Amino acid sequence: MAMEIEKERRAKRGWDKWELGLLAAALLFYLFFPLYDGPVWCKDSMSYATMDITREPLYPTFLWVFRRLYGEGDYLMPVVVAQSILAAYAAWKLAVTVKERKEGGKILSLIALVSQFGVTILCRFVAARSSAYTDSIMTEGLGLSLYVLFVLQLYKYIIDEKIKNLAGTVVYAMLLINLRKQMLITLCLMAAVFVLYYLIKEQKGKKLLLLLAMTVGIFAACRFTDKLYNYCVRGVWIEHSGNSMGMLCTLIYTSGEEDGVLFEDGTLKGMYEEISKEADKQGLKITYAPKGWVDLSSHYADSYDAIGYGIINPVVQGYIAEHYEYTPVEAVLKYDEYCNEMVKTLLGQEKGDLIRVYMSNTWKGFVNSIARVNKYLNIYAAASYLLYLGLYLYYVRKKGCWREKDKTAAFTEIVFGGIAVNAMVVGAMIFCQPRYMIYSMGLFYTALSVLVYETLPLPGFLMKKREKGQAAASEMDNI
């Protein structure tokens, strides 16, 4: 027993050194980019810095805190340094979690870290960008890192069922939802995971109901914080504006001339006909899209902002300015009212084109989650997903762990679930450009490396490590 304790103590000391090395590597990597590029002001940055009413509360507040600390002229560099440190912590936490969960998994922890590095390198040097997201004054500067930490907390809760991990999951989910509304996918993922484990696998109905009630509570809490933020900033108890405009863009894109008869309200009908006529004139509707899902999804993406910012906003905002003497906040509320009513009405259109757009856009989301849409990478993405799912099914069957809380299975399920939920939800609301989809990219390749390590033949030294780790895991499970 004494020898085992000493062996464990020495092993622990070794793990600490390895983990410190990983942390140092992560900090050096991510802090290089603020020095290399400095803070980068992007198209959307001004709306966050000015606390625009269309923006969720977290990122504008984050920038406001740094302005108060460092002053208007000097706060941007501290912002991107903080974002880079958070990215380093998230990448390190992923690596350490993989190492802890896969006994003897130093090589896997290194792959996890490099996978996160790879996302940044691709975005900075391969994609058509001038900076890493951690250097950009935009929500991805925080969101990409917070999402990794959210997934890790959700994973740890499923495996260990500790209250601190559930609390961490809730905190990260609330931060993400208050960062950008797309991150409502965290609640969808939580609900899906809870249903999978506590209804399908373990059939714990009471626990499932409590967890789903908590998920609804998070949604309500985030609506409260949104209103509280606007009350503090603008003196009005309202949520941020513009939630319906995205769906309206899609519905205008797929609508036809015949859909004008759906409107009973003359004002709304007039707005719709003006918007629709201009979209037709500019070739921004699905009627003008080339054949093939790639070209359709690209045409939709190119049309989306042109419809929203170039046509819908001028028409609706112009009508409000012409017919009402509203304060800026009142005008925004009226704008939301008109957009909401047009969305409800246009949902009555024939669904064929809407389904076509959704299917092509969602598959584009799947591809952009792990690669980039083009002729060859589309095939690569499909092959990668088939490999991932094939290895997962083989692993579960081999281990007989479908109804068990297996570390590898749980991690791969949650990671893939996050990709699927994000692609399907974003695909229904907005075009799936890469910056909306890459939240799980590093996680996917980390999970794939774990599956490969667990299932495929390995070089001799790695095979011995795997067998030794599996034996140690079995021994710990029996204690």
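Nothing fancy with the numbering, it's 1 onward along the sequence. Note that the coordinates shown come from a computational prediction; the quantities given were computed from them, not determined experimentally.
Contact check for V114 versus Y445: no side-chain heavy atoms found under the 4.5 Å cut-off. Side chains of K334 and Y338 form a contact here, defined as non-hydrogen atoms less than 4.5 Å apart. Two residues are said to be in side-chain contact when any heavy atoms from C-beta on lie closer than 4.5 Å; T250 and F431 fail this criterion. Using a 4.5 Å cut-off on side-chain heavy atoms (C-beta onward), W64 and Y59 make no contact. With a 4.5 Å cut-off on side-chain heavy atoms, I53 and H240 do not count as touching. Annotation: side chain of T412 is not in contact with side chain of V450 (no heavy-atom distance under 4.5 Å). The closest side-chain heavy-atom distance from F411 to K407 is not below 4.5 Å. The side-chain heavy atoms of W293 and M359, taken from C-beta on, include no pair separated by under 4.5 Å.
Between the side chains of D37 and S131, no donor N or O sits under 3.5 Å from an acceptor N or O. When only modelled atom types and interatomic distance are considered, N374 and N378 share no side-chain donor-acceptor pair under 3.5 Å. Checking N178 against T225 by side-chain atom types alone, a donor-acceptor pair falls below 3.5 Å. For T50 and D52, the side-chain atoms include no donor-acceptor pair closer than 3.5 Å. Remark: the N422 side chain and the Y436 side chain contain no N/O donor-acceptor pair separated by less than 3.5 Å. Counted by atom type alone, K269 and T345 present zero donor-acceptor pairs between their side chains at under 3.5 Å.
By the 30° and 60° cut-offs, the orientation of the rings of F29 relative to F33 is perpendicular. Taking the six-membered ring for Trp and thresholds of 30 and 60 degrees, F366 and Y385 have ring planes more than 60 degrees apart, a perpendicular arrangement. The aromatic rings of Y326 and Y324 lie parallel to each other, with less than 30° between the two planes, well short of the 60° mark.
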(message) Assess the residue pair I311 and L284 against the criterion (side-chain contact (heavy atoms from CB on, under 4.5 Å)); give the C-alpha distance rounded to whole Å, side-chain angles, the decisive distance to 0.1 Å, and a yes or no.
(response) CA-CA 10 Å; I311 304 177; L284 299 176; 3.8 Å; yes
(request) Please lay out, stage by stage, how Y172 and T186 fare under the test side-chain contact (heavy atoms from CB on, under 4.5 Å). (result) CA-CA 9 Å; Y172 285 124; T186 56; over 6 Å; no
(request) Evaluate the criterion salt bridge (Lys or Arg N to Asp or Glu O under 4.0 Å) for residue pair K405 and E202; output intermediate values, then yes/no. (result) CA-CA 10 Å; K405 289 189 174 179; E202 298 185 3; 3.8 Å; yes
(message) Using the rule given for salt bridge (Lys or Arg N to Asp or Glu O under 4.0 Å), can you reason through K201 versus E413, listing the C-alpha separation, both sets of side-chain angles and the distance that settles it, and then say yes or no?
(response) CA-CA 13 Å; K201 291 192 176 189; E413 288 162 354; 2.9 Å; yes
(request) Just do the ring-ring contact (aromatic ring centres under 6.0 Å, His included) check on Y388 and F444 with the steps written out, would you? (result) CA-CA 9 Å; Y388 186 100; F444 175 84; 4.8 Å; yes
(request) Go through the steps to decide whether Y288 and D280 satisfy the test side chain to side chain donor-acceptor pair (under 3.5 Å), and finish with yes or no. (result) CA-CA 9 Å; Y288 306 97; D280 263 321; 3.2 Å; yes
(request) With side-chain contact (heavy atoms from CB on, under 4.5 Å) as the test, would you mind laying out the steps for M51 and Y229 before giving the verdict? (result) CA-CA 10 Å; M51 296 182 157; Y229 163 80; 3.4 Å; yes
(request) Would you sort out whether K277 and E274 count as a salt bridge (Lys or Arg N to Asp or Glu O under 4.0 Å), showing the intermediate values? (result) CA-CA 5 Å; K277 182 178 179 180; E274 184 178 352; over 6 Å; no
(message) Applying side-chain contact (heavy atoms from CB on, under 4.5 Å) to L152 and V148, what does each step give before you reach the verdict?
(response) CA-CA 6 Å; L152 294 179; V148 171; 4.2 Å; yes
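At least one donor-acceptor pair under 3.5 Å links the side chain of D336 to the backbone N or O of G242. With hydrogens and angles disregarded, no donor-acceptor distance shorter than 3.5 Å links the side chain of S145 to the backbone of G141. Judged by distance alone, with hydrogens and angles left aside, the side-chain atoms of N230 form a donor-acceptor pair with the main-chain N or O of D226 at under 3.5 Å. For the pair S45 (side chain) and C42 (backbone), a donor-acceptor distance under 3.5 Å is present. Using a distance-only test at 3.5 Å, with no hydrogens or angles considered, no donor-acceptor pair links the side chain of R403 to the main chain of Y197. At least one donor-acceptor pair under 3.5 Å links the side chain of Q349 to the backbone N or O of L251. Checking side-chain atoms of D295 against main-chain N and O of A289 turns up no donor-acceptor pair under 3.5 Å. Without hydrogens or angle criteria, D406 side chain to V396 main chain gives no donor-acceptor distance under 3.5 Å. Between the side chain of E56 and the backbone N or O of K181 there is at least one donor-acceptor pair closer than 3.5 Å.
With rounding to the nearest 0.5 Å, the separation of OG in S297 from CH2 in W363 is 12.0 Å. From M214, atom CE reaches atom CG of L187 across 8.5 Å, with rounding to the nearest 0.5 Å. Here T254 contributes atom OG1 and L346 contributes atom CG; the two are 8.0 Å apart, rounded to the nearest 0.5 Å. For the atom pair OG (S440) and CD1 (I438), the distance works out to 10.0 Å, reported to the nearest 0.5 Å. Taken to the nearest 0.5 Å, the CD1 atom of I430 stands 8.0 Å off from the CE atom of M245. Rounded to the nearest 0.5 angstrom, H299 NE2 and I286 CD1 are separated by 9.0 Å.
One finds a salt bridge joining D44 and R55 here, because a Lys/Arg side-chain nitrogen approaches an Asp/Glu carboxylate oxygen to under 4.0 Å. A salt bridge between E454 and K399 is absent, with no side-chain N of the basic residue lying under 4.0 Å from a carboxylate O of the acidic one.
Enclosure of atom CZ in R234 by more than 12 non-hydrogen atoms of other residues, nucleotides or ligands within 6.0 angstrom is indicated. For E258, the CD atom counts as densely surrounded, since its 6.0 Å shell holds more than 12 non-hydrogen atoms of other residues, nucleotides or ligands. The 12-atom threshold is not exceeded at OH of Y376, counting heavy atoms of other residues, nucleotides or ligands nearer than 6.0 Å.
The nearest pair of heavy atoms linking G442 to V119 is N-CG2, 3.6 Å. Of all heavy-atom pairs spanning Y335 and V316, the tightest one is CD1-CG1, 3.5 Å. Of all non-hydrogen atoms in Q116 and L443, the two that sit nearest each other are OE1-N, 3.7 Å. Among all heavy-atom pairs drawn from C401 and A409, the shortest one is SG-CB, 4.4 Å. Here the shortest heavy-atom pairing between Y272 and S255 reads OH-OG, 3.1 Å. Taking all atoms of both residues into account, the shortest heavy-atom contact from S449 to L108 is O-CD2, 3.7 Å.
Sorted by first and then second residue, the salt bridge (charged side-chain N to carboxylate O under 4.0 Å, His left out) pairs with a member in residues 349-378 read D353-R356; sequence neighbours excluded.
Annotation: Y30 is in aromatic contact with F117 [ring centroid separation under 6.0 Å].
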